[in-house]
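Working notes for the structure below.
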Amino acid sequence: MAETDGWTLLAILCLTVVSVVTRSFFFISERPWKLPNWAQRGLQYAPIAALMAVITPDIFMLNGQLTVPWRDARVLAAIVAALFYFWRRQSSLAMLGTIAVGMVVYLPLRLGLGW
């Protein structure tokens, strides 16, 4: 803490205030907020879009290069997991099953065959 200067502490304080105010803006208001229908529909896809943005590069790239799909355990596990999800998507345990199936395919290929 002795190495932190005043400007850094001021920046942290200001960013904290901005973050708290913007996140609590809907609670501070006296009247209820209603998002337009187009915004509500768009926000339904935000979690899956963020998940795909994180997972896709990890599946299809290795050391900054595209992988060869038929020799990579991650790609095969992702394909099998996606097929399982589309088969069981109406089930209450579809997401947990997708993760389990993906790992059941991935681990033997990775640990057993060294892919």
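Since the structure is predicted, the reported quantities are computational estimates derived from the model, not experimental observations. Along the sequence shown, residues are numbered consecutively beginning with 1.
You'll find the side chain of L51 reaches within 4.5 Å of the side chain of I48, heavy atoms only. Put simply, the side chain of D5 does not reach to within 4.5 Å of the side chain of L9, judged on heavy atoms. Contact annotation: the side chain of W7 approaches that of L10 to within less than 4.5 Å [non-hydrogen atoms, C-beta and beyond]. Side-chain contact between L35 and L43 is present, with at least one heavy-atom pair separated by less than 4.5 Å.
Heavy atoms only, all atoms of each residue included: F84 and G97 are closest at CE2-C, 3.3 Å. When all heavy atoms are compared, the tightest approach of K34 to N37 is NZ-OD1, 4.4 Å. Across A73 and L109, no two heavy atoms sit closer than the pair CB-CB, 3.6 Å. Scanning all heavy atoms of the two residues, the minimum distance from I59 to A78 falls at CD1-CB, 3.7 Å. Nearest heavy atom pair, residue G102 against residue A77, reads O-CB, 3.4 Å.
More than 12 non-hydrogen atoms from other residues, nucleotides or ligands lie less than 6.0 angstrom from CE of M61. Surrounding CD of Q40 are more than 12 heavy atoms belonging to other residues, nucleotides or ligands, all under 6.0 Å away.
Atom CG of residue L83 and atom OG1 of residue T98 lie 10.5 Å apart, to the nearest 0.5 angstrom.
A donor-acceptor pair under 3.5 Å is formed between the side chain of D72 and the backbone N or O of R74.
In the hydrophobic cluster analysis, where Ile, Leu, Val, Met, Phe, Trp and Tyr join through side-chain heavy atoms closer than 4.5 angstrom, L111 is grouped apart from L113. Cluster annotation: V80 and L76 are assigned to the same hydrophobic cluster (Ile/Leu/Val/Met/Phe/Trp/Tyr, side-chain heavy-atom contacts under 4.5 Å, transitive).
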Could you go through residues 87-96 and list every donor-acceptor pair under 3.5 Å that involves a side-chain atom there, pairing it with any protein atom two or more places apart or in another chain?
| unit_1 | atom_1 | unit_2 | atom_2 | d |
| --- | --- | --- | --- | --- |
| S91 | OG | L93 | N | 3.2 |

Distance-only donor-acceptor hits, side chain of residues 16-24, under 3.5 Å, sequence neighbours excluded:
| unit_1 | atom_1 | unit_2 | atom_2 | d |
| --- | --- | --- | --- | --- |
| T16 | OG1 | I12 | O | 2.7 |
| S19 | OG | R23 | NE | 3.1 |
| T22 | OG1 | V18 | O | 2.9 |
| T22 | OG1 | S19 | O | 3.1 |
| S24 | OG | V20 | O | 2.7 |

